[in-house]
A.B. asks: 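Take a look at the following structure, please.
Given the structure is predicted, the values throughout are model-derived calculations rather than measurements.
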Number of protein chains: 4
Amino acid sequence: MPAAARRNEQSRRAILDATLALLAETDYAKVTIEAIAARAGVGKQTIYRWWRRKGEVVLEALAEQAMPMALPDSGDLEADLRQVVRATVAEFGDPRLSATTRALTVEMLTDDDLAEQVRDRLLRPQLHAVRDRLAAAREQGQIRTGADLDLAVELMFGPVFHRWQLRNGPLDAEYADALADHVLAALRP
Amino acid sequence: MPAAARRNEQSRRAILDATLALLAETDYAKVTIEAIAARAGVGKQTIYRWWRRKGEVVLEALAEQAMPMALPDSGDLEADLRQVVRATVAEFGDPRLSATTRALTVEMLTDDDLAEQVRDRLLRPQLHAVRDRLAAAREQGQIRTGADLDLAVELMFGPVFHRWQLRNGPLDAEYADALADHVLAALRP
Amino acid sequence: MPAAARRNEQSRRAILDATLALLAETDYAKVTIEAIAARAGVGKQTIYRWWRRKGEVVLEALAEQAMPMALPDSGDLEADLRQVVRATVAEFGDPRLSATTRALTVEMLTDDDLAEQVRDRLLRPQLHAVRDRLAAAREQGQIRTGADLDLAVELMFGPVFHRWQLRNGPLDAEYADALADHVLAALRP
Amino acid sequence: MPAAARRNEQSRRAILDATLALLAETDYAKVTIEAIAARAGVGKQTIYRWWRRKGEVVLEALAEQAMPMALPDSGDLEADLRQVVRATVAEFGDPRLSATTRALTVEMLTDDDLAEQVRDRLLRPQLHAVRDRLAAAREQGQIRTGADLDLAVELMFGPVFHRWQLRNGPLDAEYADALADHVLAALRP
DNA sequence: GCATAATCGAGACGGTACGTCTTGTCTTAAC
DNA sequence: GTTAAGACAAGACGTACCGTCTCGATTATGC
């Protein structure tokens, strides 16, 4: 891709920054290609040249600032899981972060290609990290042998996601701890 | 509600039918108010008069055809849960039904009012039915006293929802059974 | 055309007025559909709904304000022709009027349909009026029988048009009179 | 002009040839700088380096292939004029040649500088040649002393130009002869 | 004959305008 | 008085060109 070599990094940054700024400030409906281009001081074509759709711009913008969740291994499985679940619940509960997640979720529902990218680039690494922590716990006999670890990860995150999207209850520390407890109960020998 | 008294039932039906037809046939992006009106042979104003946004039309259309899931109580908790989870997994796994769910999910993410309505009119009844079944089980000592039944319901549906939306694995009977098993493990005395 | 019955006359006027204003104020390159719409406080679609191209808007705007040249018949053929030619030369010589003529000419060269319309709606009536004056003169023996009156009209206007477009000499009263004289010389018995 | 010394003649030829080819093949609206560059296999900058605007490229392309009209002097003024007018009418009547003339005319209406260049480089030589022929005729008493020869030239070409641009009648030999006759009538002693 | 400086093809860039689409409101005529 | 039809203002869509700019890679002198 020799063309990409000519890509103007300044423009790229300006576009991603403008996208993040708009996501943070306004309704997602106002995060249009035109608004991004205007905010970034960039021609629309420069966006269309490098991304096929708005969702991909949003993804790339979010992917760059995503901090890989720190996954503790203190030896105390219960404490570690509580910490992970609390962090997740806090993220979904924060209206600010929640807005960008919402944006990305809308795009994923609309575009299968994008859904794959989001899954593989943003989510899988996080889910795999948790699964690895559970695998270590299983080695040490803290989890029953028959437990399906991928499913266990879904047991941890699925309910949070569900509650967030359906606004079906509070997203607070108490909820996080109760959830962690029930997941542990499902996994214990 | 005097206006409603004058409401033309034929138009209402035509609009909802057109909405369902478009949802089934085309991309959700093509399900526009204009397309619905044209398909239903109805003026756009007739839609705007009775619904505030497209999402509400979609919701009403889907609500009418939603069959309340039959919740068995055979006395065998494991069997009953497996059946419920299998039905849920099958519904999300069916591309046809999945399309309308996707449509509604997009609208919920965009419109808080609508999210409430969907939650209260479509989902809560189903979730409550499951919770009631679990409550009965708890009465009979099949579930430990400390279990949080609302959370238990989320443990059942959250992972399915998560996997569906993230396209993060197969949605089949085997998965349904494994999920039901883990949920039961979390609840048993 | 029942649809046309619904046409909003206010919008139509605003569009034509905005077009005339822009033609008078700016380079023709800046007379864009977007500029007209913005100036008229009108959606672009409202322009595209009623006109196929910019040239047609310009034509309609000009056609409405075109005053049918007063064609005198004083009995004195030479005086009458001088007056007509002087008026024509003055019009082409005036930078202001010249700008709109230039605009229309560009459009005619680009669009055959429009050229026909301009010819039939704006120009032919004027040319015919002159021909009729010449016909009256021929009746009275002031013009030789063999003269081709359509050609005579072209002899009067063609040189002015030619000189204007090629900027090939001054467009003043002296020139007008000389031209009128030569045309008369070509027609006299 | 040391820079010009480095000019790549191959590129220049490719650009002018591409321009002529596009003029001949497509609508003038499609004769863009980008299209010329692509067709010529040349960078856009190479065009902008040597010409200020598209019109100048078109002019240069046309100037190179313009054959200077042969102006006969058989001694028979009427025959000579008829021949010139016939040739002119034929050129404007030919759709092929007409297309390039149209292109150039559009540019002239848009760009005063270009208009001067076209007038001086392409048209004046032709008009002067005709005027010189008329001057010779006047020497021999075939034209009245008071005739304005520049105006006479305009009397010959103006009507053709007018009729062509307004599509106001046929451009054929019969017309040419009638025009020549009337012009002669205007000039005769 | 070698350095060096302008030219070259290519095409990214910030812009402007295009012509189309949909939104939600407003107007009209028919029933 | 509600309807179907659709005009309307607004504004985003994705595309096409504009004229400028930056890249390496040829040239073609002129030292």
A.B. asks: All N/O contacts under 3.5 Å from nucleotides 21-26 of chain F to the protein, with atom names and distances to one decimal?
C.D. replies:
{"residue": "F:dC21", "atom": "N4", "partner": "D:Gln45", "partner atom": "NE2", "Å": "2.3"}

A.B. asks: Is the phosphate of F:dA4, meaning OP1 or OP2, less than 4.0 Å from a side-chain N or O of B:Thr46?
C.D. replies: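 Yes.
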
A.B. asks: Between D:Asp27 and D:Ala29, is there a donor-acceptor pair closer than 3.5 Å when you use the side chain of the first and the backbone of the second?
C.D. replies: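 Not confirmed, D:Asp27 side chain does not pair with D:Ala29 backbone.
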
A.B. asks: Between B:Ala40 and C:Val42, which is nearer to the 5' end of DNA chain F once each is assigned its nearest nucleotide?
C.D. replies: B:Ala40

A.B. asks: To the nearest Å, give me how far apart CH2 (C:Trp50) and C1' (F:dC8) are.
C.D. replies: 11 Å

A.B. asks: Starting at atom CD1 of C:Ile47, determine the distance to atom P of E:dT20, rounded to an integer number of angstrom.
C.D. replies: 13 Å

A.B. asks: Between F:dC8 atom C1' and C:Arg7 atom CZ, what is the distance in whole Å?
C.D. replies: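 Nearest whole value for this atom pair: 13 Å.
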
A.B. asks: What's the CD1-P distance between A:Ile36 and E:dG14, to the nearest Å?
C.D. replies: 14 Å

A.B. asks: Taking D:Arg167 first and then C:Asp112, would you say they form a salt bridge - that is, a charged N and a carboxylate O separated by under 4.0 Å?
C.D. replies: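 Looking at C:Asp112 together with D:Arg167, the answer is yes, because their closest N to O distance falls below 4.0 Å.
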
A.B. asks: Taking 4.0 angstrom as the limit, do D:Arg39 and D:Glu25 come out as a salt bridge?
C.D. replies: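 Result for this pair is yes, salt bridge flagged.
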
A.B. asks: So does C:Arg53 pair up with C:Glu56, basic N to acidic O under 4.0 Å?
C.D. replies: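 No, this pair does not count.
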
A.B. asks: Pick the nucleotide of DNA chain E nearest each of D:Gly43 and C:Glu34; which residue has the one closer to the 5' end?
C.D. replies: D:Gly43

A.B. asks: Could you state the atom-to-atom distance from CD of C:Gln10 to P of E:dT27 in whole Å?
C.D. replies: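 Answer to the nearest Å: 10 Å.
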
A.B. asks: Keeping B:Thr105 on the side-chain end and B:Thr101 on the backbone end, is there a donor-acceptor pair under 3.5 Å?
C.D. replies: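 Indeed, once roles are kept as given, a pair shorter than 3.5 Å links the two residues.
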
A.B. asks: Any side-chain N or O of C:Ser11 below 4.0 angstrom from OP1/OP2 of F:dA7?
C.D. replies: no

A.B. asks: Between E:dT25, E:dC18, E:dC13, which nucleotide has the shortest distance from any of its atoms to the side chain of A:Asn8?
C.D. replies: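 Comparing E:dT25, E:dC18, E:dC13 against the side chain of A:Asn8, the answer is E:dC13.
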
A.B. asks: Between the main-chain N or O of D:Val31 and the side-chain N or O of D:Lys54, is there a donor-acceptor pair closer than 3.5 Å?
C.D. replies: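 Pair found, side chain donor or acceptor close to backbone of D:Val31.
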
A.B. asks: Tell me: CG of D:Asp111 to P of F:dG19, nearest whole Å?
C.D. replies: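 So the two atoms are 11 Å apart, to the nearest Å.
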
A.B. asks: Between the side chains of D:Glu64 and D:Arg13, is the shortest nitrogen-to-carboxylate-oxygen separation below 4.0 Å, so that they form an ion pair?
C.D. replies: yes

A.B. asks: For B:Leu109 and A:Tyr28, what are the C-alpha separation, side-chain angles and deciding distance, and is it a side chain to side chain contact (heavy atoms under 4.5 Å, CB included)?
C.D. replies: CA-CA 10 Å; B:Leu109 285 163; A:Tyr28 188 59; over 6 Å; no

A.B. asks: Would A:Arg7 pass as a cation-pi partner of A:Trp51, given that its NZ or CZ must be under 6.0 Å from the six-membered ring centre and within 45 degrees of the axis?
C.D. replies: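 Yes, a cation-pi geometry holds between A:Arg7 and A:Trp51.
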
A.B. asks: Between atom CD in D:Glu9 and atom P in E:dC8, what is the gap in whole Å?
C.D. replies: 11 Å

A.B. asks: Tell me: OH of D:Tyr48 to P of F:dC17, nearest whole Å?
C.D. replies: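 So the two atoms are 12 Å apart, to the nearest Å.
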
A.B. asks: Using a 4.0 Å cut-off on heavy atoms, which residues in residues 22-33 of chain B reach DNA chain E? List them by number, or say none.
C.D. replies: B:Thr32, B:Ile33

A.B. asks: Using OP1 and OP2 only, check whether a side-chain N or O of C:Arg49 sits under 4.0 Å from F:dC8.
C.D. replies: yes

